[in-house]
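Scroll down for the structure; my scribbles are underneath it.
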There are 2 protein chains.
Amino acid sequence: MSATPTDAKPGSTCAVIDIWEVLGKRWSLLIIKNLSTKETIRFNELKRALAGISSTVLSERLLELEREGLVTKKIYPEVPPRVEYSLTAQAKELEVIIKELAHWVARWKRPQSVAPSAETKKEE
Amino acid sequence: MSATPTDAKPGSTCAVIDIWEVLGKRWSLLIIKNLSTKETIRFNELKRALAGISSTVLSERLLELEREGLVTKKIYPEVPPRVEYSLTAQAKELEVIIKELAHWVARWKRPQSVAPSAETKKEE
DNA sequence: CCGTATCCCCTCCGATACTG
DNA sequence: CAGTATCGGAGGGGATACGG
């Protein structure tokens with residue numbers, strides 16, 4: 001990757017790791033996916049779409065994604081309150097990469113799982 | 001992402017999620033990174049390079065990566081035993097994508113963290 | 001040297017209940 | 001509607017010890 005010679009702490013070796021630790025968490029990717037299909041979405045709408053996520057975690061994820069600059073939050077001071085979430089330009093670029101990843105996955109899709117020991121090569 | 005109409009279980013919504021859950025785990029990315037720099041590496045060598053990982057976890061990660069077809073294991077029946085790990089062609093393609101991700105991260109690198117509430121927009 | 005077995009902590013995340 | 005507070009179970013992952 002980068003030419004960084006010394007790798008010490010796993011959390012901050014290269015900058016990718018940081019974002020990876022956010023994106024690697026459960027629901028993060030699905031949240032992005034859902035946001036990408038609707039371009040703007042409300043909290044409970046998103047919660048319903050994800051079907052199984054709790055308010056706690058959804059709120060947590062959205063906050064993390066907002067901190068990373070991937071999601072924008074817009075609050076309408078109404079009653080009842082309305083809050084809309086949407087992807088940033090940064091996140092939309094990320095989406096492209098994710099799609100490439102999806103492409104990569106599809107390209108290498110194996111017919112089924114293989115036991116590791118079965119394909120491990122032994123020198124004769 | 002894909003055109004899958006119904007999304008139910010978070011673990012298998014689309015195929016990307018699966019690989020994501022493997023790659024999202026701690027050390028996975030760093031293991032790939034280290035393997036990419038040396039093209040073949042032994043267990044303890046890798047362990048030393050990662051500095052902080054336990055044998056248990058390293059072994060576990062390598063097994064997962066092998067199951068995903070990203071890593072190959074070659075056992076030399078010697079005394080003392082020698083085992084060499086290397087990236088598959090599949091993983092090398094993945095590396096390209098990871099590099100794009102790194103690129104993306106670098107491009108959007110913020111000067112410093114911003115409090116979420118500070119950038120949240122309120123409708124006036 | 002290359003791992004597995006065990007223990008144990010600690011974080012993640014789901015459930016529930018409650019506020020503005 | 002849009003969250004926060006709190007609790008509790010499950011599992012990831014570190015430390016240590018041991019085996020082939």
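On a predicted model such as this, the values are computed, not experimentally measured, just so you know. Letters A, B, ... are given to chains in the order of the sequence lines, protein chains preceding strands, and every chain is numbered from 1.
At the phosphate of D/dG14, OP1 or OP2 sits under 4.0 Å from a side-chain N or O atom of B/W27. The side chain of A/S59 contributes no N or O atom lying less than 4.0 Å from OP1 or OP2 of D/dA2. An OP1 or OP2 oxygen of C/dA15 is reached within less than 4.0 angstrom by no side-chain nitrogen or oxygen of A/S54. Here A/Y85 does not reach the OP1 or OP2 of D/dC1: none of its side-chain N or O atoms lies under 4.0 Å away. The phosphate of C/dC12 has OP1 or OP2 within less than 4.0 Å of a side-chain N or O from A/K25. For D/dA2, the OP1/OP2 oxygens have a side-chain nitrogen or oxygen of A/R42 closer than 4.0 Å.
Between A/L58 atom CG and C/dC12 atom C1' the separation is 15 Å, expressed in whole Å. Distance CG (A/L46) to C1' (D/dG3): 13 Å, rounded to an integer number of Å. Atom C1' of nucleotide C/dC2 and atom CG of B/N44 are separated by 7 Å, given to the nearest angstrom. What separates CD1 of A/I53 from P of C/dC12 is a distance of 14 Å, to the nearest Å. Here C/dA15 presents its P atom at 15 Å from CD of A/E60, a figure rounded to the nearest Å. In this structure, B/R82 places its CZ atom 13 Å from P of C/dG3, rounding to the nearest Å. Distance B/E78 CD to C/dC2 C1': 13 Å, rounded to the nearest Å. For A/E64 and D/dG3, the CD to C1' distance is 16 Å, given to the nearest whole Å.
You'll find that the side chain of A/R26 is closest to C/dG14, out of C/dG14, C/dG20, C/dT4. Of the candidates D/dG14, C/dG14, D/dA2, C/dG14 carries the atom nearest the A/V57 side chain, counting heavy atoms from C-beta on. Side-chain proximity of A/T56 to the nucleotides D/dG14, D/dT4, C/dG3 is greatest for D/dT4. Side chain of B/K73, nearest nucleotide from D/dA2, D/dT4, C/dG3: C/dG3.
When all heavy atoms are compared, the tightest approach of A/L87 to A/I32 is CD1-O, 3.9 Å. Among all heavy-atom pairs drawn from B/E66 and B/V71, the shortest one is CG-O, 3.4 Å.
Salt bridge B/R26/A/E21: absent, no basic N to carboxylate O contact under 4.0 Å. Under 4.0 Å is where a charged nitrogen must lie from a carboxylate oxygen, and between A/E84 and A/K73 no such pair does. Look at B/K33 and B/E95 and you find no salt bridge, because none of the NZ, NE, NH1 or NH2 atoms lies under 4.0 Å from a carboxylate O. Between B/K47 and B/E45 no salt bridge is recorded (no basic side-chain N to carboxylate O distance below 4.0 Å).
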Dot-bracket for DNA chain D, please. Rules: Watson-Crick or G-U, both distances under 3.5 Å, ( ) within the strand, [ ] when a pair crosses earlier ones, | for another strand, . otherwise. ||||||||||||||||||.|
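Within the 4.5 Å cutoff, side-chain heavy atoms of B/I31 are placed close to those of B/L35.
DNA chain C is contacted by both B/R48 and A/P81; B/R48 maps to the nucleotide lying nearer its 5′ end (nearest heavy atom per residue).
The aromatic rings of A/W20 and B/W20 sit parallel to each other, their planes meeting at less than 30°, with 60° as the upper class boundary.
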